[in-house]
Amino acid sequence: MSLEQLIENCKSNDTKAQSELYKLFSGKLFSVCLKYSRNYAEAEDNLQDVFLTIFKKIEQYKNKGSFEGWLKRITINTVLQQYRKEKVFDIVNENTIDEAEVEVDEDAISIDYLLQIIQELPDRYRLVFNLYVLDGYSHKDIANMLDINIGTSKSNLARARQILKRTIEDYKTTQSLQSL
């Protein structure tokens with residue numbers, strides 16, 4: 001069955017088509033959920049919410065643009081909705097932002113460790129960091145998505161980078177001391 005037919009069947013509330021769509025996209029969408037969630041269990045819960053939202057809103061997909069892109073936007077917005085409700089963002093003065101550059105030596109630090117320390121960031125920093133660095137959204141887009149101002153987005157990104165930089169430096173120092 002083609003993707004177009006699968007989508008049409010889902011629009012008709014066909015449970016077999018919904019199951020097939022879930023099997024087809026759950027892995028990719030789970031990785032997006034994991035990126036924005038505090039932990040694995042929360043990501044699993046978020047994935048279930050995402051698919052409920054997808055099946056509720058699939059009528060709105062008009063076969064224009066990438067279906068996978070549409071699914072990803074639904075996923076991000078669904079996960080971020082819970083953080084908007086929690087009010088995890090601080091309002092800050094834009095003039096206090098100090099950008100920290102994070103340099104990563106891929107040979108010294110594994111991608112698993114990087115993903116772990118990103119996931120350990122406080123919610124407000126992790127969300128902005130992921131949206132800006134990993135998904136390429138602008139501060140204006142992030143501010144709209146999270147219902148914060150642009151300065152808060154910039155500040156949270158800068159603070160996320162500072163935390164990551166300090167954590168990576170500490171890790172490198174520990175690794176150097178252990179190799180002595």
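Bear in mind the structure is a predicted one, so any value in this text is a computation, not a measurement.
Around the NZ atom of K11, the shell of radius 6.0 Å holds more than 12 heavy atoms that belong to other residues, nucleotides or ligands. At most 12 non-hydrogen atoms from other residues, nucleotides or ligands lie less than 6.0 angstrom from OH of Y132.
In this structure a side-chain-to-backbone donor-acceptor pair under 3.5 Å is missing from S12 to D14. In terms of modelled atom types and a separation under 3.5 Å, the side chain of K64 and the main chain of Y61 share no donor-acceptor contact. For the pair N130 (side chain) and K35 (backbone), a donor-acceptor distance under 3.5 Å is present. With hydrogens and angles disregarded, a donor-acceptor distance shorter than 3.5 Å links the side chain of R126 to the backbone of Y36. E42 contributes a side-chain N or O that, together with a main-chain N or O of R38, makes up a donor-acceptor pair within less than 3.5 Å. A donor-acceptor contact shorter than 3.5 Å links the side chain of T75 to the backbone of L71. No donor-acceptor distance shorter than 3.5 angstrom exists from the side chain of S155 to the backbone of G151, with no hydrogens or angles considered.
Linking Ile, Leu, Val, Met, Phe, Trp and Tyr residues whenever their side-chain heavy atoms come within less than 4.5 Å places L134 and I117 in a single cluster. If you chain together hydrophobic residues whose side chains sit under 4.5 Å apart, L52 and L6 never meet in one group. Cluster annotation: L115 and I76 are assigned to the same hydrophobic cluster (Ile/Leu/Val/Met/Phe/Trp/Tyr, side-chain heavy-atom contacts under 4.5 Å, transitive).
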- Item | CA sep, side-chain torsions, deciding dist, call: F51, F30, ring-ring contact (aromatic ring centres under 6.0 Å, His included) | CA-CA 10 Å; F51 272 97; F30 180 73; over 10 Å; no

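Contact detail for C10 and I58: the closest heavy-atom pair is CB-CD1, 3.7 Å.
Judged by distance alone, the side chains of Q116 and D112 never bring a donor and an acceptor atom under 3.5 Å apart.
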